[in-house]
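Side-chain atoms are counted along with the backbone in the values below, which use heavy atoms only and exclude waters and symmetry mates. Ligands are counted one by one from 1 in listed order, and the atoms in each one are counted from 1 as well.
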Amino acid sequence: MPYPFEVSGSGFPVVLLHAFPLSSSMWRANSESITDAGFRVVAPDFPGFGRNTSFSHVTSMDEMATGVRETIASLGIGRAVFVGLSMGGYVLLRILERAPSMIAGIVLADTTAASDTAEKTEARKDLVKRVSSGGSSVLAAEMLPNLLSAATYAENPRLVEELSAEISGCDPGAACAALRGMAERPDSRFLLGGIGVPVLLLFGKDDKVTNLDAAAEMANSIPGSTLSVLERAGHYSNLERPSEFDHHLISFLNSLRLNN
Ligand code: MLT
């Protein structure tokens, strides 16, 4: 079933896939620049987030990939550039496996193609238990210090507050379902060497969730990919350094030969 989505602008479609545990609204700082540059932005809400109120016990990355494909098909879109940040990147790599012909270009931001380590899987199970009993404020307290750079904490208290409210306000059941889905996601690294479309890797230099090692590994594996690193940005690089993020993204979009 198609997911609720935000859509704006006209031109070649650019599909923005959000991070955990946010929603399509995480692209609020970027959409206008992308549409002003002559592209149509589509940003779906994954199950349980934003305006998407429906979710089950586990939200797998493959289920979300199917939901995204159905969403853009419902708009009559056959091909698009896909931008996935963190969990959005995990979903994008599942779309790549299932429907490569839909993809005209790829932007992987602050994400990894690897599956979780055993240690990370255990940490997610533990987090699910604590969010189930303590609610989503547990997520905000635990995740936020790792998500944002020291520069963002020092210079942008408003963003810290907004994100804290957003994460604390997410549906704990949806968050647990997505945590379970991320924990069981397959390793997508085998796909990287065969990518036949242009790829931009965009990473915050101070990202502590995924990091520059994951970025360098992907850059080495994907033929012809470009890695751009955003100074003073952490994991939510598009929100922390929107102008720099948009600059790299729009230069990439303009470099593609896009026609419907
Ligand atoms: C995200 O930002 O989507 C999450 O931090 C991803 C993860 O927990 O692996």
Side-chain angles (χ1 to χ4, degrees), residues 16-27 29-30 43-50 52 55 58-65 68 82-95 107-131 136 138-149 152 159-160 162-164 166-168 170-172 174-189 201-204 206-215 217-218 230 233-241 245:
L16 305 176
L17 304 177
H18 69 79
F20 170 86
L22 304 180
S23 69
S24 58
S25 74
M26 82 168 289
W27 301 109
N30 314 98
D45 283 323
F46 291 137
F49 299 101
N52 191 344
F55 61 91
V58 180
T59 308
S60 74
M61 302 303 108
D62 281 295
E63 176 193 331
M64 291 194 267
V68 172
F82 288 79
V83 180
L85 194 141
S86 198
M87 184 176 77
Y90 308 159
V91 175
L92 170 38
L93 290 167
R94 305 318 303 153
I95 298 171
V107 181
L108 291 166
D110 303 294
T111 192
T112 175
S115 53
D116 278 357
T117 58
E119 196 186 357
K120 180 98 186 190
T121 307
E122 283 313 306
R124 288 206 206 270
K125 280 188 194 157
D126 181 55
L127 190 54
V128 164
K129 273 193 205 142
R130 285 180 296 117
V131 172
S136 297
V138 171
L139 279 179
E142 187 154 318
M143 290 181 69
L144 216 47
N146 284 325
L147 291 170
L148 303 175
S149 68
T152 298
L159 178 63
V160 179
E162 276 172 13
L163 285 169
S164 175
E166 209 165 326
I167 296 175
S168 304
C170 79
D171 186 313
C176 290
L179 284 166
R180 293 184 189 101
M182 287 192 283
E184 66 177 36
R185 74 184 188 280
D187 201 305
S188 294
R189 282 178 292 187
L201 302 163
L202 253 182
F203 277 71
D206 304 326
D207 185 351
K208 297 197 262 314
V209 180
T210 49
N211 57 40
L212 293 184
D213 292 338
E217 192 189 325
M218 286 197 287
L230 304 179
H235 188 60
Y236 289 160
S237 58
N238 72 308
L239 287 163
E240 297 181 74
R241 298 287 148 196
F245 188 97

(request) Spell out, as yes or no, whether a donor-acceptor pair under 3.5 Å connects the side chain of E240 to the backbone of Y236. (result) yes
(request) Kindly say whether A214 contributes a backbone atom to a donor-acceptor pair with the side chain of N211 at under 3.5 angstrom? (result) yes
(message) What I want to check is whether the side chains of D110 and S86 have a donor and an acceptor closer together than 3.5 Å.
(response) no
(request) Look at the aromatic rings of F49 and H18 and report parallel, tilted or perpendicular, splitting at 30° and 60°. (result) perpendicular
(request) Under the side chain to side chain donor-acceptor pair (under 3.5 Å) rule, collect the residues that match up with E184, sequence neighbours excluded. (result) none
Run through all N or O atoms in ligand 1 and write down each protein N or O closer than 3.5 Å, as a pair with its distance.
residue: ligand 1; atom: 2 (O); partner: F20; partner atom: O; Å: 3.4
residue: ligand 1; atom: 2 (O); partner: S86; partner atom: OG; Å: 3.0
residue: ligand 1; atom: 2 (O); partner: H235; partner atom: NE2; Å: 2.8
residue: ligand 1; atom: 3 (O); partner: F20; partner atom: N; Å: 2.7
residue: ligand 1; atom: 3 (O); partner: S86; partner atom: OG; Å: 3.0
residue: ligand 1; atom: 3 (O); partner: M87; partner atom: N; Å: 2.9
residue: ligand 1; atom: 5 (O); partner: H235; partner atom: NE2; Å: 3.4
residue: ligand 1; atom: 8 (O); partner: R124; partner atom: NH1; Å: 2.8
residue: ligand 1; atom: 9 (O); partner: Y90; partner atom: OH; Å: 2.5
residue: ligand 1; atom: 9 (O); partner: R124; partner atom: NH2; Å: 2.8

(message) Could you check whether atom NZ of K208 has more than 12 heavy atoms from other residues, nucleotides or ligands sitting under 6.0 Å from it?
(response) yes
